Amino acid sequence: MGKRVFNFYAGPATLPLKALKEAKREMLDFRGTGMSVCEISHRSKDFQAVIDEATALIRELYAVPPGYHVLWLGGGASTQFFHVPWNLGLEGKPMAYIHTGSWAKEAIKEAKFFGEVKVLASSEDANFNYVPRAFTMDPNAAYLHITANETIGGIEWIEFPDPGNVPLVVDASSDFLSHPVDWSKIGLLYAGAQKNLGPAGVTVVIVREDMVARARAKKLPTMVSYGTHVDKGSMHNTQKKAKALYRLIDSSNGFYRGFARPDSRSRMNITFRLVTEQLEEKCVAEAKARGLIGLKGHRSVGGMRASFYNAMPLKGVKALTAFLAEFQKANA
Ligand SMILES: *Cc1c(COP(=O)(O)O)cnc(C)c1O
């Protein structure tokens, strides 16, 4: 086997070696079927066992209460950007959004096809380097949508806002299963798998029964309705990891500069800059030569970004912080 690198890409993201080895072992003969899991029928009991186990694990790990359905859908989180307003929008009520950056912007854009959108707060005034926690809730809204973690800017809602009686809708694509969530506020939570859950290709939607009822009361195309998917049955060491890198950034005397405001720092995507772009390029190249890959920031914000999703081992984070400390010594 070739050498494995530490993959800090923001998505598709690193997967646990243990899971990859198991998939490899089972690729030619999945649990005695004589076929791979990619070849067996989705109606077979062997496949049903796979989806049942995955659903049970999500319920257990995320402490999903009864009264919520776990759905496995296609189309990526981007498809939920329009499925949410289409299913959950209500006549005569605005759909409320908080604008925190690139992914919130996409969600807002799509909702506008379905009715009035009210952006209750935005951190655009500071290039989205913080989470705008102070805002006035609109009690008449059909729902309040937030982006739990902005993958590109590297800011995160450490605690979700309280929308009163209005259901909270959460895009948890890049911090799914990374910390406990308060389900009492949540009407629907969705996440594309490829950041914090597994390989690309599936989207998880966790939806409360009353939200499904709301969707059922509407005339919707079959594959858009959450009701259809319900009927057809369709970890926690991240804090430690992020703290280690932020500590290094904060003690670097300005050699490394964090992008996100300290009160909004993402535990998943740590965004930072060096003094010049040349130095950033050099840093990315030297890291890569050491098997630390995926550290270049998103093209829209530049700089550097290290993504510490659930499957990134502490060992990878230690290798990165050791490298960054050395790089500073050699280049300061
Ligand atoms: C990646 C990402 C998306 C888009 O996910 P797709 O599955 O590629 O559509 C949406 N929201 C957030 C927060 C993301 O990180």
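Atoms within a ligand are numbered from 1 in the order they appear, just like the ligands themselves. Values in this document were obtained by computation on a predicted structure and should not be read as measured data.
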Top protein contact for atom 15 (O) of ligand 1, by heavy-atom distance: Thr151 OG1, 2.4 Å
For atom 9 (O) of ligand 1, which protein heavy atom lies nearest, and how many Å away is it? Ser78 OG, 2.5 Å
Flag the pair Glu106 and Lys109 as a salt bridge only when some basic side-chain nitrogen lies within less than 4.0 angstrom of an acidic carboxylate oxygen. yes
Determine whether the aromatic ring centres of Tyr130 and Phe259 lie less than 6.0 Å apart. no
CZ of Phe113: more than 12 outside heavy atoms within 6.0 angstrom? no
For residues Phe6 and Leu320, determine if any side-chain heavy atom of one lies less than 4.5 Å from a side-chain heavy atom of the other. no
In ligand 1, the atoms that come under 4.0 Å of a heavy atom of Gly76 are 7 (O), 9 (O)
Tell me whether the centres of the aromatic rings in Tyr97 and His145 are closer together than 6.0 Å. yes
To the nearest 0.5 Å, what is the distance between CG on Leu279 and CD on Gln328? 10.0 Å
Ligand 1 and Thr147, any nitrogen or oxygen pair closer than 3.5 angstrom? no
Under 3.5 Å between any N/O of Ala77 and any N/O of ligand 1: does that happen in this structure? yes
Short version for Phe176: what comes under 4.0 Å of ligand 1, heavy atoms counted, is neither
To check your reading of the model: name the closest protein heavy atom to atom 2 (C) of ligand 1, its residue, and the distance in Å. Lys195 NZ, 2.6 Å
In terms of residue, atom name and distance, what is the protein heavy atom nearest to atom 11 (N) of ligand 1? Asp171 OD2, 2.6 Å
For ligand 1, is Gln194 a contact, meaning one of its heavy atoms is under 4.0 Å away? yes
After noting the C-alpha distance and the side-chain angles of Asp46 and Ser44, does the key distance pass the side chain to side chain donor-acceptor pair (under 3.5 Å) rule? CA-CA 5 Å; Asp46 296 296; Ser44 67; 4.7 Å; no
Close approach, Asn149 and ligand 1, non-hydrogen under 4.0 angstrom: yes
Hey, is ligand 1 close enough to Thr79 that some N/O pair sits below 3.5 Å? no
Centres of the Phe176 and Tyr62 rings: under 6.0 Å? yes
